[in-house]
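Okay, so here's the structure we're looking at.
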Amino acid sequence: MSQRGGRGFMRGRGGGGGSYGRGRGGRGYSSSSAHHSQGSGRGGEGGGRGGAGGRGRHPPHLKGREIGLWYAKEQVRLYGKKEDKETRPKIELSPSKRAKITELLASLERHSKASIAGAGAINNSDFMKRYRQNVENNVNAAAIRAGLRPGDIAGLVRNAELDESLKNELERKQSSPKYQTMMRFREKLPAYQHKDEFLKLMRENQVIVISGETGCGKTTQCCQLILDEMIQSGNGSLCNIVCTQPRRISAVTVAERVAEERDEQIGRNSVGYSIRLESRVPERDKGTILFCTTGVVFKYLIDDPKLTKYSHVVVDEIHERDVLSDFLITILKDLVNLRPDLKVILMSATLNADKFSNYFRHCSRFNIPGFTFPVTEYFMEDVLLQTRFTFEPNERLQRPWRGKNPRKGEDQEFKRMLESHVRKLERDKTYPRHVLNELIKPEAEELNLDLITSLLLHICETDRDNGAILIFVPGWDQISKLNTQLQSCGKFPGHRTLIIPLHSMMPTVNQKEVFNRPPGGRRKIIIATNIAETSITIDDIVYVIDAGRIKITNFDMQRNLETLDTEWVSMANATQRKGRAGRVQAGICYHLYSKARENTFESFKKPEILRKRLEEVVLQIKTLNLGMTGPFLRKLLDPPPSKSVELAVQRLIQLHALDSDENLTPLGFHLSQLPMDPQTGKMILMAGIFGCVDPILSIAASLSFKDPFYIPLGQEKNVDRVRRELADGSKSDHLIIVRAIEGYQRARSHNRERDFCYSNFLSGNTVQLLMNMKKQFAEHLHQMDYMSTAIVEDGEHNVNSDNIGIVKAIICAGLYPNIATVTVKVKMNGSLGLAKIRTREDGKVDLHPKSVNCNENNFESGYLAYFQKMKTSSLFLYDTTMITPFPLIFFGGQLSFRKEKHLGVVSVDQNLEFLMEKDVFDLVQALRKHLDELLEEKITNPGPTCWHELSKEGALMRAIIELITAEYKEMLGEGGSGDSDSDDD
DNA sequence: GGGCCATTT
């Protein structure tokens, strides 16, 4: 086989001009073949191979622009002026290859005639019947395990003997000295002090909302109070409490804390936790408290929709309004009718507790007063007064800062509010004139790092106790700039201050120094994103400086795009930030915005369900049999707009996960079982079928969790370098992850993994989690019968793992239709211009600077598959892999053929186009049809792939793999075509 | 020419 793009410049021309510079001469697929615009039109396709014929080299005496002009003239001489701006790659098959495929197709026809009628075609409704039966069986099996008859209304079954022994055990425990010491502490917590009222409400109501600020002990105490009362009243065998937390770390720490208070070992007695890939559930199965992440409860719901194992469900931190907790309380709202014995406790911050109570038909509310130290609040006017800071006029100021979608006239409206606020301060003589002069300047509305520096100096001068300072800024950029400014201004020398940047991508998030008091009596200054608002808690903070901004993802339904915007914080954010100063002593919070600005703040951050794509939510609704998505989602506390639901359903239909009636297809059924988004799910199913499980599971793990790379401040370029080395010319961000995990494992076998992580900017924790996720994914594939074992490295399932062409093809199969095209103009002087990236829906997009393909302009193939696309300062593709034509033809969308003058043109989904003769197309299309049938059969009736070349499946798979492999090798110039009979045309 | 934060038997 050979493919001849055959036009344009060659890589490596002119003595290593290209980054690859292998100097392959005219062999194979030229780098321009896919989408490099002809531009000044160098090269061209002679009759011979790859543009070698007909095209001359420019005379050696020419320089710079003259070279380009020479090629331009040459282009005109060979092809005439405007014609032949062909940029579509041409796909050809050698005669021997054609003969092979023709023979294969004939044998496949014989196979299908010989096999039972209907094999290969799927019958959706049969599948769905089986699948619904399975769901039913699971439910009944769970009921039987819980000691119920199938169909019974659930509930725990009393065991009088156990009631007695649980009661005795608790009494014994209450006399232990350790327990009593802990009890003296517990008794001081507000939640414990309101014990009787709380328990009375619990007895009298099925659903209650508990509100209270951090530090009141509601999470640790309420579950214990319920359990102890149940046990003491002789009902211990009827009590299992599950308490959900939004984050893994809080599920574990709360469980550990409660176990300690009960003088127990975690997972040994009444208290345990369960988070993904890590659980220590209580050994006994009655009289327990289980802390788990919300996602874990969702998995319980699949097998046990009525949560029959539990008597109490406690949903904590519901005020955070994450998708899962919103979703869960909607399910619970229906479940309480089916389970009159089930008690539901919703826990929220005080501010919006009423909203939840109203949602549950005005259920009872109980507020527990807070227990924190007082925090003095200052606003911009006070900061200006204390620092005497003056704003430099900023010519380039776009306008006072404002929200993302400003209503018409919002700026003017705010200006009037600010002016009236200033007039009032003037009348009241609260602040001197110079402060008001500054406050009214538009510059006062901008995030000003000089002001922060000035305020820090003010704090350092007035406070001699070196209290720790926490600064909230919106993102990486501001952390970086402020850090540089503080380090270089000379006023915060290392022997007096310790400055720690804190961001999820910086290694400091896992360092103890963040929590400890710095040695030598120095002052700790932490510059953080909102990671320090909930995820990381630093106890010794005395001062908080709140810049008042937050970066937040939104979903733009009109443009079908995810965006990342900087916005003013909500009141809830501001309160939370302020509270960070009062954890162990009285504190001070400086808000870097005026009281007037604060008046424009929303009360709460927009619920996550209104800010996200809904594909996974829709699949979950289907898995849990909750009916049509539209009606179900309208039951939510804040229903997402129907447009957003439609977009999700449409995309799932496009992925063949749902049929047009919104039923799960067999593929959709598998995807809904997998803990990842549908496209990544599709990728791992295909990896199972195509025998490249290990590398693809690495990619899937990182796409569904996070990138394992740290980026230490100032090391950005070094991280880029390491990533380029790991990519090793593959032009793939996804393969970087594969190589990183492989490298880690190799290093670990020599006990060198720490060094490996250090020199490659990897987070060892994240890599280990990714490896555990791979194991979990392999277990899923095994359970679904896509693998015969659950071993990631199993040879049978990795026959193609070292074949980069196939691994990339499977990346493409999963990520499709997320495909961008690349064009590179050839400049007059013969050098390459910048790569221009486009997608069908968005037009021009940019590659994110973190991508290894950013700044690349020498692409052997003009297609990039991507996973994440987000609009920030520009519309970015965050992660890309260069893809060759055959994977798009075999795993992309609908193929169609047309004649364009004398050329045959094949298009994929009426979008991506390739040149192909009709007879070649017929062969390719026939192969594709057989592949589609095979895949559908594999999806409906999974089983390990049979690679034997005499089987229908084996022969077809081998043929397709051979085509993709040969194409890839030829393009990348790795050891020729890898095909012994390729040179016969 | 530049990266908010979480999370799944």
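Convention: sequence-line order gives letters A, B, ...; per-chain numbering from 1.
- T534(A) pairs by the side-chain hydrogen bond (donor to acceptor under 3.5 Å, both in side chains) definition with nothing, not counting sequence neighbours.
- Listed by chain and number, the residues in a side-chain hydrogen bond (donor to acceptor under 3.5 Å, both in side chains) with E256(A) amount to none (sequence neighbours excluded).
- Listed by chain and number, the residues in a side-chain hydrogen bond (donor to acceptor under 3.5 Å, both in side chains) with S325(A) are D322(A) (sequence neighbours excluded).
- Under the side-chain hydrogen bond (donor to acceptor under 3.5 Å, both in side chains) criterion, S603(A) pairs with no residue at all, not counting sequence neighbours.
- Remark: K481(A) engages D477(A) in a salt bridge (charged side-chain N to carboxylate O under 4.0 Å, His left out) (not counting sequence neighbours).
- Nucleic acid contact for K717(A): base, since at least one base atom lies under 4.0 Å from a heavy atom of the residue.
- Here dG2(B) presents its C1' atom at 16 Å from CG of N718(A), a figure rounded to the nearest Å.
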Give the B/S/- string for nucleotides 3-9 of chain B, one per nucleotide from 5' to 3', where a protein heavy atom under 4.0 Å of the base yields B, of only the sugar-phosphate yields S, and otherwise -.
BBSBBBB
